[in-house]
A.B. asks: 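Dropping a structure here in structure tokens format, bear with me for questions.
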Amino acid sequence: MNKTDTEYIEPTTVVTNHARLNSIRAKRIYVYTVEITNADAPDEQLKDTQTRIELFAKAANQSSLVFDGREYAYTAHKLLNWSTVSVHSANAEFAHTAFHVVLHLHRTYDTQALFKDQSPKETTGTDDLDQYSRGMEFALDSIIRSAGAYTETLDKQHGDDKATGFSVHWEHRASVRVLRSGVYVAINAHARPITNVKTVADLARAFFRGNPGPAGPAWTRFDANVRGLRVCVGSTYVVLNGLTTRAHRDLRINGSSIDEHYKSTDSLDSAWPCAVIAHTNTPVPLELCKLEPQLLPRISGWQRMKLMAQSVLSSTQRQHMLERAVQHVQKVCAETPGVSDFGITVSSELARVEARVLPRPRISLGSSTFAQLDPHASWTIDRQTLYKAAHIRKWAIAVFCSKQQCPESQLLAFSKQLIKTAHELGLSFDESKPQITYAQTNRVYDTLHTLRDAQFILCVVPSTSVSLYGEIKRVAYTQLGIHTQCVNIRNTKGSRTKLVEALLLKINTKLGGQTTNSFQPSEPTLYIAADVCHTTEIGVSVASFVWSIDSGQTFAGTVVQHPKRQEIIENMDVLVRHALRVHYKHTRVKPVQIVYLRDGVSDSQLGDVRRIELDGLMRGCKLVDSTYEPRVLLMIARKRHCTRFVQQSSDFENCVPGTVVTQMTNHNGFHMVAHHAIHGVSKPTYFLITHNTTQMSEADIHNMSYNLCFAYPIVTRAVTMPAPLYYAHRLSGKGRVQINAPFDMLPYFTVKKNAKAKRAAEEDVHLVPVHHNLADSMYFM
């Protein structure tokens, strides 16, 4: 099918967070490797970044060299003579050590190659730039970033809050990108927590939201937050390396108490632990550790929530902030010593590019009705039934807390509201009063086993404990084959209509129901999605693989154990063969085409995906039938990028859901804003088409991807990515509980300090298949 205007709504124009790089006056970029070694031990490279920058500045002696602080130095003019330079550091730690600074020419880049035609290469089907262009991108990145990030604060509403211990600073970093439409400087904005209190003691009070109490286990959570902090003790600047395990009244320095040693007139809390100075391991009271504004290494959970709340900006605020950042980049390129020698000129305006808006699909509900979509691509299910509602014959409630915490009357009221809302949605419950069982948290198997005849079990849990939740799901998934739905105690109190609706959508999906029907493919299609979770609890990586068992609305899935940190799925042929057999069992039709969606793949792994996973998919088809050759579309989806789009208007409003941009990519890819942002600026999903032998045109692929964003059954709005990718992501996270050992007895929870013992115990933990009762269901929702 050819691309026609009827497949899109009217074209539009969007503004990006990229400014065009107009020209580079320097004809060449000379790249030198930098070696800074101890004069007494030439084989030892200095690793401290700040000291490397200091020593290089002394050795360069006002030359035009630009140093990235790590390994490379850049210049627009070739160095004719550079001999080994010996320098000393002002850092007290290295005061008596001489260092040698040596440069070696690494590579030379022709800058005019950047401005050659960057049109898409039809033969590659990938966004891989050649090694030469990528190297020049990296060099220009380092040159522009050498002047440091541009940081600003906004008003008091977004910037300063003493109760949290930090103020929000916006950090803007520039990065060079070579795209099909030209060379750009992308502005990446990040909210950073910068300390705004005077001492580490004040930081502790903010962390604990009050008086933290005496030294003890509670302080271990704060230990990681002070590691790496630079503080002033007296008149000396030092770096902290954590906290002491004992209170400072129990510590001695050279036989003297802490108070006597520091002769402090301040009021010190002797029950608190002390901070530990790196390298010397000297304890120092928290009240004497004076802070200067600096980035906090880590923050607590509630502080992170505060940071997110304070850093929400409207699209108008964010765009004006990016415009100021572009002006800063222009100033850096024109005035910074060394950088100005390259003659880099950047446009003063953020780039405007053409975009298209996709038509919205028709969302079918029950009783042959259609959902009414609002401008935000969402709809309501009030007084409307689901497309396919489940029939619940028997259900039960398992309560993992005492009756004092969760009275039976509270549960009965909650179940009554659940049944009432279910009836409005079309779900039928044969039992109006479920069986309620109270149990202890260490009796998960026994409790669920007594309720195994129920179609699903509602598990009421006292907290968000990972170990309890994991054990409930492990027993249900691998041993009993029962659908479960967990809910926190506090969510069973009062009338919570929206929460009850969300629970029922999950329950309906798990039991084989269907919320909506948003599309029907024109020919038999198998949808496949995969993701890999590098979990921490079980010490292995978990690969998830999901596939459609009908037209693309209902899916099944499985998990595969991988060696730790392995991203590529190697046994793809076996997984595809199984998926084809299950799909055929339900549809009795052999797919004409296969759409494979892959998440979490970086640029460096694209070749491995095509070589291993795509070839494995082809082999899997041959294992079913040696003559079977379906057409295949392989797309990579990414959310880890910094590209943003807003509408070209006076207020720079968020893009309309369904906006597609094809210009700000390399080769065969596109960005799509499928959803409406609840807060801040919408983040598009980047799709990279790496293989396509189907008959779908570019417009067909855009529409298919957008329609799949409406198929996620537990929400009533368009989501950011196609639903199969969400299923794969959920299954890779839930799959880590499909193990052969009790979840709360894993080494992650029981072995804290002995790393060798933890590794040995992790070797006995492995994934097991899901129970056959759940094999072809969406149990992972």
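Quick caveat: nothing in here was measured; it's all calculated off a predicted structure. Heavy atoms only: backbone and side chains are in, while hydrogens, waters and symmetry mates are out.
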A.B. asks: Nearest 0.5 Å, what's the CG-OG1 distance between L251 and T245?
C.D. replies: 8.0 Å
A.B. asks: Using a 6.0 Å cut-off, check whether atom CZ of R496 has over 12 heavy atoms from anything other than its own residue.
C.D. replies: yes
A.B. asks: Which residues pass the ring pair (Phe, Tyr, Trp, His ring centres under 6.0 Å) test with H190, not counting sequence neighbours?
C.D. replies: none
A.B. asks: Set out, in order, the CA-CA distance, both residues' side-chain angles and the distance that settles side chain to side chain contact (heavy atoms under 4.5 Å, CB included) for S146 and F67, then state yes or no.
C.D. replies: CA-CA 7 Å; S146 64; F67 183 43; over 6 Å; no
A.B. asks: Taking the side chain as every heavy atom from C-beta outward, state whether E323 and L350 have any pair of such atoms under 4.5 Å apart.
C.D. replies: yes
A.B. asks: Which is it for K290 and E292 under the salt bridge (Lys or Arg N to Asp or Glu O under 4.0 Å) test, yes or no, and what are the steps along the way?
C.D. replies: CA-CA 7 Å; K290 297 178 182 179; E292 291 185 347; over 6 Å; no
A.B. asks: Using the side chain to side chain contact (heavy atoms under 4.5 Å, CB included) rule, take F342 and I143 through it: C-alpha gap first, then chi angles, then the decisive distance, then the call.
C.D. replies: CA-CA 9 Å; F342 292 92; I143 292 168; 3.6 Å; yes
A.B. asks: Determine whether Y184 and R20 satisfy the following criterion, side-chain hydrogen bond (donor to acceptor under 3.5 Å, both in side chains), listing intermediate values before the conclusion.
C.D. replies: CA-CA 4 Å; Y184 294 88; R20 185 178 289 274; 2.8 Å; yes
A.B. asks: Does a sphere of radius 6.0 Å around CZ in R490 hold more than 12 heavy atoms from other residues, nucleotides or ligands, not counting ones at 6.0 Å or beyond?
C.D. replies: no
A.B. asks: Could you check whether any side-chain heavy atom of I344 comes within less than 4.5 Å of a side-chain heavy atom of V332, counting everything from C-beta outward?
C.D. replies: no
A.B. asks: Are any side-chain N or O atoms of N196 and backbone N or O atoms of F166, one a donor and one an acceptor, separated by less than 3.5 Å?
C.D. replies: yes
A.B. asks: Assess whether side-chain hydrogen bond (donor to acceptor under 3.5 Å, both in side chains) is satisfied between S314 and T316, documenting all intermediate values.
C.D. replies: CA-CA 5 Å; S314 68; T316 306; 4.5 Å; no
A.B. asks: Is there a side-chain contact between V34 and F56, using heavy atoms and a 4.5 Å cut-off?
C.D. replies: yes
A.B. asks: Could you note down all residue pairs passing salt bridge (charged side-chain N to carboxylate O under 4.0 Å, His left out) where residues 642-654 supplies at least one of them, sequence neighbours left out?
C.D. replies: none
A.B. asks: Starting at OG of S467, measure out to CD1 of I472 and round the result to the nearest 0.5 Å.
C.D. replies: 9.5 Å
A.B. asks: Under 4.5 Å between any side-chain heavy atoms of D603 and R134, yes or no?
C.D. replies: yes
A.B. asks: Could you tell me which non-hydrogen atom of I144 sits nearest to which non-hydrogen atom of A174, and how far apart they are?
C.D. replies: CG2-CB, 3.9 Å
A.B. asks: Which pair of non-hydrogen atoms, one from L55 and one from L46, has the smallest distance, and what is that distance?
C.D. replies: CD1-CD2, 3.5 Å
A.B. asks: Apply side-chain hydrogen bond (donor to acceptor under 3.5 Å, both in side chains) to Q45 and list each qualifying residue two or more places apart in sequence or on a separate chain.
C.D. replies: R52
A.B. asks: Please report the interatomic distance CG(L286) to CH2(W272), rounded to the nearest 0.5 Å.
C.D. replies: 6.5 Å
A.B. asks: Please check if the number of heavy atoms outside H172 that lie under 6.0 Å from its NE2 is greater than 12.
C.D. replies: yes
A.B. asks: Just do the side chain to side chain contact (heavy atoms under 4.5 Å, CB included) check on V661 and V353 with the steps written out, would you?
C.D. replies: CA-CA 8 Å; V661 181; V353 296; 3.9 Å; yes
A.B. asks: Please enumerate all residues that pass ring pair (Phe, Tyr, Trp, His ring centres under 6.0 Å) together with F99, with sequence neighbours excluded.
C.D. replies: F94
A.B. asks: Would you please name every residue forming a side-chain hydrogen bond (donor to acceptor under 3.5 Å, both in side chains) with H248, sequence neighbours left out?
C.D. replies: D259
A.B. asks: Quick one: are L313 and W170 in side-chain contact, heavy atoms under 4.5 Å?
C.D. replies: yes
A.B. asks: Would you name the heavy atoms of R145 and N188 that are closest together and state the gap between them?
C.D. replies: NH2-ND2, 4.4 Å
A.B. asks: Quick one: does any side-chain atom of N654 pair with a main-chain N or O of G680 as donor and acceptor, under 3.5 Å?
C.D. replies: yes
A.B. asks: Kindly check if the number of other-residue, nucleotide or ligand heavy atoms within 6.0 Å of NZ (K639) is above 12?
C.D. replies: yes
A.B. asks: Can you tell me how far CG of N281 sits from OG1 of T244, rounded to the nearest 0.5 angstrom?
C.D. replies: 11.5 Å
A.B. asks: Please round to the nearest 0.5 Å and tell me the distance separating atom OG of S463 and atom CZ of F400.
C.D. replies: 12.5 Å
A.B. asks: Within 45 degrees of the ring normal and closer than 6.0 Å to the centroid, is that where the cationic atom of R638 sits relative to F687?
C.D. replies: no
A.B. asks: Kindly write out the residues that satisfy side chain to side chain contact (heavy atoms under 4.5 Å, CB included) with V238, not counting sequence neighbours, or none if the list is empty.
C.D. replies: V231, V233, T236, I277
A.B. asks: If I compare all heavy atoms of R730 with all of I714, which pair ends up nearest, and what's the gap?
C.D. replies: NH1-CD1, 3.9 Å
A.B. asks: Under a 4.5 Å cut-off applied to non-hydrogen side-chain atoms, are T51 and I36 in contact?
C.D. replies: no
A.B. asks: Looking at side-chain heavy atoms only, is the closest gap between V14 and V646 below 4.5 Å?
C.D. replies: no
A.B. asks: Supply the atom-to-atom distance D531 CG to S732 OG, rounded to the nearest 0.5 angstrom.
C.D. replies: 4.5 Å
A.B. asks: Just list the side-chain donor-acceptor pairs under 3.5 Å for residues 216-223, sequence neighbours left out, or say none.
C.D. replies:
residue, atom, partner, partner atom, Å
W219, NE1, G213, O, 3.1
W219, NE1, P214, O, 3.1
T220, OG1, P217, O, 2.5
D223, OD1, R227, NE, 2.7
D223, OD1, R227, NH2, 2.9
D223, OD2, L243, N, 2.7

A.B. asks: Sequence neighbours excluded, which residues qualify as salt bridge (charged side-chain N to carboxylate O under 4.0 Å, His left out) partners of K493?
C.D. replies: none
A.B. asks: What's the verdict on side-chain hydrogen bond (donor to acceptor under 3.5 Å, both in side chains) for S602 and Q605, showing C-alpha distance, side-chain angles and the deciding distance?
C.D. replies: CA-CA 5 Å; S602 65; Q605 297 166 331; 3.3 Å; yes
A.B. asks: Apply ring pair (Phe, Tyr, Trp, His ring centres under 6.0 Å) to F645 and list each qualifying residue two or more places apart in sequence or on a separate chain.
C.D. replies: H671
A.B. asks: Could you tell me whether the side chains of R717 and H675 share a donor-acceptor contact shorter than 3.5 Å?
C.D. replies: no
A.B. asks: Decide yes or no for I258 and R249: does some side-chain heavy atom of the first lie under 4.5 Å from some side-chain heavy atom of the second?
C.D. replies: no
A.B. asks: Partners of H676 by ring pair (Phe, Tyr, Trp, His ring centres under 6.0 Å), sequence neighbours excluded?
C.D. replies: H376
A.B. asks: Under the side-chain hydrogen bond (donor to acceptor under 3.5 Å, both in side chains) test, which residues partner T720, sequence neighbours left out?
C.D. replies: Y726
A.B. asks: Show your reasoning for whether side chain to side chain contact (heavy atoms under 4.5 Å, CB included) applies to F652 and V681.
C.D. replies: CA-CA 10 Å; F652 297 109; V681 178; over 6 Å; no
A.B. asks: For residues V284 and C289, report the shortest heavy-atom separation together with the two atoms involved.
C.D. replies: CG1-SG, 3.5 Å
A.B. asks: Can you name the residues that form a side-chain hydrogen bond (donor to acceptor under 3.5 Å, both in side chains) with S541, not counting sequence neighbours?
C.D. replies: H534
A.B. asks: Of all heavy-atom pairs between I489 and C401, which one has the smallest distance, and what is that distance?
C.D. replies: CD1-SG, 3.3 Å
